Amino acid sequence: MFRAPRDRTLREFVWFCLPHVRAYNAAWDYYKGMGPSEIEQALRADTSWQRPSWPLGRLGGAGRFDPELLRDPFSVLGQEAPTPRRRPREENQPPPELRAALDLLGLVWPVDQVGLRSRYKDLAKRHHPDATGGDRSAEEKLKDINQAYSLLKRRVPARADTAAQPEAAAAG
């Protein structure tokens, strides 16, 4: 004997033999008798397993964090809870999102546009499919180099003296 749900509450069941439970389940529609808005509401509730959910960091409410939730009877935290401190980034350290691209191109921070462009040209010539005889691994490496160069080209500031050179050439 196999059970099948009688209605949407899934609390009452009917019992069938295997061929009949298969036929019953094939024809059974959970959303039968519901309107489109009710179906949409049921689907949204199912995404969180019928439990309430809130955006991350809201703790179920839109208000500020209640400090009473972190009682400190032994004054371990002192008078006030410690605030997270951000370590200032050292000047000679690249931003985290650029480190992988710099490593791929073999460059060290800080880098300027001229050094970036010359390194890119060197690597592009070395890994180009025409120079490597159509080697697939070199082709993939060139794709990675192009992607790293485009990221760094957008993020690395141009030096003031290199930006003034094209203007001087156009004026002269």
Side-chain angles (χ1 to χ4, degrees), residues 30-31 34-72 74-172:
Y30 180 84
Y31 300 108
M34 295 174 84
S37 61
E38 292 172 313
I39 292 173
E40 179 69 26
Q41 186 178 7
L43 290 173
R44 287 185 185 269
D46 283 344
T47 59
S48 60
W49 299 279
Q50 288 83 29
R51 289 180 169 73
S53 63
W54 299 275
L56 185 64
R58 294 280 175 89
L59 294 175
R64 295 188 54 173
F65 180 73
D66 183 12
E68 278 298 308
L69 293 174
L70 289 177
R71 287 195 192 116
D72 187 17
F74 299 113
S75 297
V76 173
L77 300 176
Q79 294 295 330
E80 296 180 20
T83 57
R85 295 183 184 158
R86 296 182 93 189
R87 240 181 29 196
R89 185 171 49 93
E90 297 177 22
E91 288 300 318
N92 61 351
Q93 291 293 322
E97 62 272 12
L98 300 182
R99 288 182 186 148
L102 288 168
D103 290 342
L104 182 69
L105 295 179
L107 295 170
V108 293
W109 190 260
V111 65
D112 61 347
Q113 288 281 354
V114 175
L116 174 65
R117 184 173 170 89
S118 65
R119 181 65 180 159
Y120 168 72
K121 282 184 172 182
D122 180 44
L123 289 174
K125 287 177 187 174
R126 187 180 309 159
H127 294 284
H128 195 275
D130 292 343
T132 59
D135 183 20
R136 286 283 188 204
S137 63
E139 187 177 331
E140 292 300 318
K141 179 84 171 174
L142 181 62
K143 288 179 185 177
D144 293 340
I145 289 169
N146 287 335
Q147 193 173 21
Y149 175 68
S150 66
L151 172 69
L152 288 171
K153 184 173 68 169
R154 283 178 286 163
R155 297 290 306 272
V156 171
R159 290 190 316 190
D161 58 316
T162 58
Q165 288 175 357
E167 294 171 5

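Counting from 1, the numbers follow the sequence of the chain as shown. All values derive from a computational prediction rather than experimental measurement.
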What distance separates [X] [atom1] from [Y] [atom2], expressed to the nearest 0.5 Å?
{"X": "Arg155", "Y": "Leu102", "atom1": "CZ", "atom2": "CG", "answer": "10.5 Å"}
{"X": "Lys125", "Y": "Leu142", "atom1": "NZ", "atom2": "CG", "answer": "13.5 Å"}
{"X": "Leu98", "Y": "Leu151", "atom1": "CG", "atom2": "CG", "answer": "5.5 Å"}
{"X": "Tyr30", "Y": "Ile39", "atom1": "OH", "atom2": "CD1", "answer": "11.0 Å"}

Salt bridge (charged side-chain N to carboxylate O under 4.0 Å, His left out): which pairs involve residues 140-151, sequence neighbours left out? Glu140-Lys143
Once salt bridge (charged side-chain N to carboxylate O under 4.0 Å, His left out) is applied, do any residues pair with [X], and if so which ones, sequence neighbours excluded?
{"X": "Glu38", "answer": "none"}
{"X": "Arg136", "answer": "Glu139"}
{"X": "Asp103", "answer": "none"}

Using the side-chain hydrogen bond (donor to acceptor under 3.5 Å, both in side chains) criterion, which residues pair with Glu40? Sequence neighbours excluded. Arg44
Listed partners of Ala42 passing side chain to side chain contact (heavy atoms under 4.5 Å, CB included), at least two apart: Tyr31, Met34
For Leu104 versus Ile145, what's the shortest heavy-atom pair and its separation? CD2-N, 3.8 Å
Pairs where residues 114-123 contributes a residue and the test side-chain hydrogen bond (donor to acceptor under 3.5 Å, both in side chains) is met, not counting sequence neighbours: Arg119-Asp122, Tyr120-Asn146, Asp122-Arg126
